[in-house]
Amino acid sequence: MIFFILFIIFIILFIPFPIKITLYLKENKIYVNLYRFKVLSFPKDPCKKSTKKQNKKQNKPSNISLPQIKEILQKIYSIDLNITLSFSFDLKLGFKDPYNLALAYGGLYNLSPVFYAVLSNIFNISSYKFNIESHFEENIIDLEVKSIIHVTIGKIIYVFFIIVKELLKIKSKKQYSREFKEV
């Protein structure tokens, strides 16, 4: 019985499972889905500012500086995580002016290898699809980004422990420096 329970725990921790994330941009609406469930949606035009009065909160300075964040990310990158990614980028792009469409089309296609290089530094890419359709005489921007990330729960827990460990180191250094300044 104990062997069976350990075997189930081993399977849960070390066999990768897919996380499917999809981003849609259609008709000035943005949707982010996790599997088939809508996680975020922005039905309003993202360019317009809301006219409602917002409560102004004072922003507290962050306890973590940029070099400390960089140090945490370097520790995470130094670990061999072997997280695989399947990525698909489909864009329907159209402007009434062919000159502007050609500039946008060429610029976006030139960003494809840069985007691939950034993703390959973080993930092992199993499939990569970058597709742009041009539509003349039509103002349209429809974007669909699909990604499937294969990761194990054990790796997620390990990264979480590394982040917590580094944050505790930062906190102890700050407390030590405060005590040193008071003396």
Side-chain angles (χ1 to χ4, degrees), residues 4-57 59-60 62-64 69 72-73 75-77 79-94 104-105 108-109 111-135 138-167:
F4 181 71
I5 292 172
L6 290 175
F7 182 72
I8 297 288
I9 291 172
F10 177 78
I11 287 175
I12 290 173
L13 288 178
F14 298 110
I15 293 189
F17 65 94
I19 300 173
K20 184 177 180 182
I21 302 169
T22 310
L23 178 125
Y24 298 104
L25 176 95
K26 292 186 180 186
E27 300 169 2
N28 293 330
K29 296 179 184 177
I30 300 172
Y31 303 103
V32 178
N33 295 346
L34 183 64
Y35 295 102
R36 292 188 181 182
F37 304 106
K38 207 178 281 186
V39 177
L40 295 173
S41 65
F42 302 102
K44 296 179 183 177
D45 188 1
C47 298
K48 291 183 181 178
K49 293 183 179 178
S50 64
T51 57
K52 296 179 183 178
K53 293 182 180 178
Q54 298 178 353
N55 294 336
K56 294 183 179 179
K57 295 181 181 178
N59 292 334
K60 293 179 10 180
S62 177
N63 292 336
I64 302 173
I69 292 172
I72 291 172
L73 290 177
K75 293 248 181 181
I76 292 171
Y77 287 147
I79 304 166
D80 188 21
L81 292 176
N82 291 330
I83 298 173
T84 59
L85 173 74
S86 300
F87 185 79
S88 172
F89 180 91
D90 293 315
L91 177 66
K92 294 179 184 175
L93 183 66
Y105 187 83
L108 288 171
Y109 252 114
L111 288 178
S112 174
V114 173
F115 197 61
Y116 181 83
V118 169
L119 286 177
S120 65
N121 282 336
I122 302 168
F123 303 105
N124 293 333
I125 298 177
S126 63
S127 70
Y128 181 78
K129 179 184 166 193
F130 194 88
N131 184 28
I132 300 175
E133 275 184 39
S134 59
H135 294 272
E138 189 177 0
N139 282 333
I140 185 172
I141 297 177
D142 285 343
L143 174 67
E144 183 176 352
V145 178
K146 293 181 182 177
S147 64
I148 300 174
I149 301 170
H150 295 274
V151 67
T152 63
I153 293 176
K155 290 177 186 176
I156 293 172
I157 293 170
Y158 185 56
V159 168
F160 176 74
F161 280 130
I162 288 173
I163 292 172
V164 168
K165 178 182 154 189
E166 291 299 316
L167 290 175

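- A heavy-atom distance below 4.5 Å is found between the side chains of L13 and I157.
- When side chains are defined from C-beta on, I30 does not count as touching L40, because their heavy atoms never get closer than 4.5 Å.
- Within 6.0 Å of atom OH in Y35, more than 12 heavy atoms from other residues, nucleotides or ligands are found, so the atom counts as buried in its surroundings.
- Considering every non-hydrogen atom in both A104 and L93, the closest pair reads CB-CD2, 3.8 Å.
- When all heavy atoms of I72 and E166 are compared, the pair lying nearest together is CG1-CB, 3.6 Å.
- Side-chain contact check for F160 versus I156: every heavy-atom pair is 4.5 Å or farther apart.
- Contact annotation: the side chain of I141 approaches that of L91 to within less than 4.5 Å [non-hydrogen atoms, C-beta and beyond].
- Taking both residues in full, the closest heavy atoms of T152 and F17 are given as C-CE2, 4.2 Å, listed atom of the first, atom of the second, then distance.
- Annotation: F115 is in aromatic contact with F87 [ring centroid separation under 6.0 Å].
- In terms of modelled atom types and a separation under 3.5 Å, the side chain of K26 and the main chain of Y31 share no donor-acceptor contact.
- One distance of note links OG of S88 with CZ of F130; it measures 10.5 Å at 0.5 Å rounding.
- Shown are T22, L34, N33; of these, the side chain to side chain contact (heavy atoms under 4.5 Å, CB included) with V39 is made only by L34.
- By the neighbour-count criterion of 12 heavy atoms within 6.0 Å, atom OH of Y105 is densely surrounded, having more than that number from other residues, nucleotides or ligands.
- To the nearest 0.5 Å, atoms CZ (F89) and CG (L119) are separated by 11.5 Å.
- The two residues K20 and I148 make their nearest non-hydrogen contact at CG-CG1, 4.1 Å.
- No donor-acceptor pair under 3.5 Å is formed between the side chain of S112 and the backbone N or O of Y109.
- Atoms CD1 and CD1, from I149 and I83 in turn, are 7.5 Å apart once rounded to the nearest 0.5 Å.
- The side-chain heavy atoms of Y24 and D142, taken from C-beta on, include no pair separated by under 4.5 Å.
- Within the 3.5 Å criterion, the main-chain N or O of L85 finds a donor-acceptor partner in the side chain of S126.
- Residue-environment remark: NZ (K155) exceeds the threshold of 12 foreign heavy atoms within 6.0 Å.
- A salt bridge links K129 and D90; the closest N-O separation between the charged side-chain nitrogens and carboxylate oxygens is under 4.0 Å.
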